[in-house]
Undergrad: 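Got a structure for you, written out below as structure tokens; questions coming shortly.
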Amino acid sequence: MNLEDTIYKRRSIRSYDDNPLDNQTLDEIRDFIDNAKELNPNIKWSYEILPTENISTMMRWKAPHYIAIYSEEKENYYQNVGFIFQQVELFLESKGIGACWIGLGNTKNYENPDKGQKFIIIISIGKPKGNLYREIDQFRRKSLDEISDKVDEKLVPAQFAPSASNTQPWYFTHNDDGSYDLYRVKQGRLRNRLYKKWNKIDTGIALAHLYVANKDSFRFYMKDNPEEHKGLFYAGSFEI
């Protein structure tokens, strides 16, 4: 299964076989990560694939491996992480490996060698127990007219993107030249405090789906003076 097809089959996996992945598979994962497309190539980032004993989470379940992700703090750095590692998540699931973004977790007894980068998030990975994929009618997603100023089938890959607690915080507007502006929906005061960081990652995840579906034409950029909309935070512009 290719990455684009995986968009419409993937699911977040929360039940894993205890057996670790073999070294060849882990090397293939590292090779994919090292060659993934970046949203902002000027941001330094790094990762480490760690075993269960080096991870602390609030989840009741465990995985044999976790990808711990780090980044320097620059414009759109959360979004950049979401963009890069959602490509990785799609790659893993296309190869029969389960994965899940985990916001409530951290590393233990491990320190990133680059002190200029801060810890961002972890992703669990491993062979799944049970079904890895789902049918398209099992997705709970907003309609296209709820996430955009007009219905546009080109935005379907983003519509199917995962997000923190399924908040689906993206909103797209169309420009006269055929480009798009991406906005992050402002949550209520409490939800914004809980999800603000993760929703920034989520917008990168949605962009990753659009990139995977439009690799030859995708281009991301930031406007100096984007149009303002009530209840929305500007998160970038793109062509597909």
Undergrad: Evaluate the side chain to side chain contact (heavy atoms under 4.5 Å, CB included) criterion for residues W101 and I121: first the C-alpha distance (whole Å), next the side-chain angles of each, then the deciding distance (0.1 Å), finally the verdict.
TA: CA-CA 8 Å; W101 290 86; I121 198 168; 3.7 Å; yes
Undergrad: Can you find a side-chain donor-acceptor pair between S148 and D152 that sits under 3.5 Å?
TA: no
Undergrad: Testing the 3.5 Å rule here: is there a donor-acceptor pair between the side chains of Q138 and E135?
TA: no
Undergrad: With R134 as the cation and F139 as the aromatic partner, state whether NZ or CZ is under 6.0 Å from the six-membered ring centre and within 45° of the axis.
TA: yes
Undergrad: Please determine which of F85, Y47, W45, F119 meets the ring-ring contact (aromatic ring centres under 6.0 Å, His included) test together with Y70.
TA: F119
Undergrad: For N2 and S94, does a side-chain donor sit closer than 3.5 Å to a side-chain acceptor?
TA: no
Undergrad: For the residue pair C100 and W61, establish whether any side-chain heavy-atom pair is separated by less than 4.5 Å.
TA: yes
Undergrad: Does D145 form a salt bridge (charged side-chain N to carboxylate O under 4.0 Å, His left out) with K150? I'd like the steps, not just the answer.
TA: CA-CA 6 Å; D145 59 0; K150 63 181 179 181; over 6 Å; no
Undergrad: Can you confirm whether the side chains of S124 and Y16 place a donor and an acceptor under 3.5 Å from each other?
TA: yes
Undergrad: Scan side-chain atoms only and decide if N131 and R11 contain a donor-acceptor pair under the 3.5 Å cut-off.
TA: no
Undergrad: Going by atom types alone, do S143 and E146 pair a side-chain donor with an acceptor below 3.5 Å?
TA: yes
Undergrad: Between Q79 and T203, does any side-chain donor sit less than 3.5 Å from a side-chain acceptor?
TA: yes
Undergrad: Would E72 and K118 count as a salt bridge (charged side-chain N to carboxylate O under 4.0 Å, His left out) here? Give the steps.
TA: CA-CA 6 Å; E72 63 176 343; K118 80 169 190 175; over 6 Å; no
Undergrad: Using a distance-only test with no angle check, is there a side-chain donor-acceptor pair under 3.5 angstrom linking N199 and Q187?
TA: yes
Undergrad: Is it the case that the ring center of Y180 lies less than 6.0 angstrom away from the ring center of H174?
TA: yes
Undergrad: Does Y234 reach the side chain of E227, with side-chain heavy atoms less than 4.5 Å apart?
TA: no
Undergrad: Between the side chains of K215 and E4, is the shortest nitrogen-to-carboxylate-oxygen separation below 4.0 Å, so that they form an ion pair?
TA: no
Undergrad: Work out which heavy atom in I120 is nearest to a heavy atom in K197; give both atom names and the distance.
TA: O-NZ, 3.4 Å
Undergrad: Show the nearest heavy-atom pair for residues Q168 and S163, with the distance to one decimal.
TA: N-OG, 2.9 Å
Undergrad: Ring centroids only, cut at 6.0 angstrom: are F172 and Y183 within range, meaning strictly under it?
TA: no
Undergrad: State plainly whether the residues K44 and D114 are in salt-bridge range, i.e. N to O under 4.0 Å.
TA: no
Undergrad: Strictly by modelled atom types, are N106 and S56 linked by a side-chain donor-acceptor pair under 3.5 Å?
TA: no
Undergrad: Let's go through F83 and F218 carefully: what are the C-alpha distance in whole Å and the side-chain angles of both, what is the deciding distance for ring pair (Phe, Tyr, Trp, His ring centres under 6.0 Å) to 0.1 Å, and is it a yes or a no?
TA: CA-CA 13 Å; F83 183 79; F218 180 89; 5.7 Å; yes
Undergrad: Is atom CG of D34 surrounded by more than 12 heavy atoms (other residues, nucleotides or ligands) closer than 6.0 Å?
TA: yes
Undergrad: Can S12 and R10 be counted as having a side-chain donor-acceptor contact under 3.5 angstrom?
TA: yes
Undergrad: Would you say L50 and T107 make side-chain contact, with heavy atoms under 4.5 Å?
TA: yes
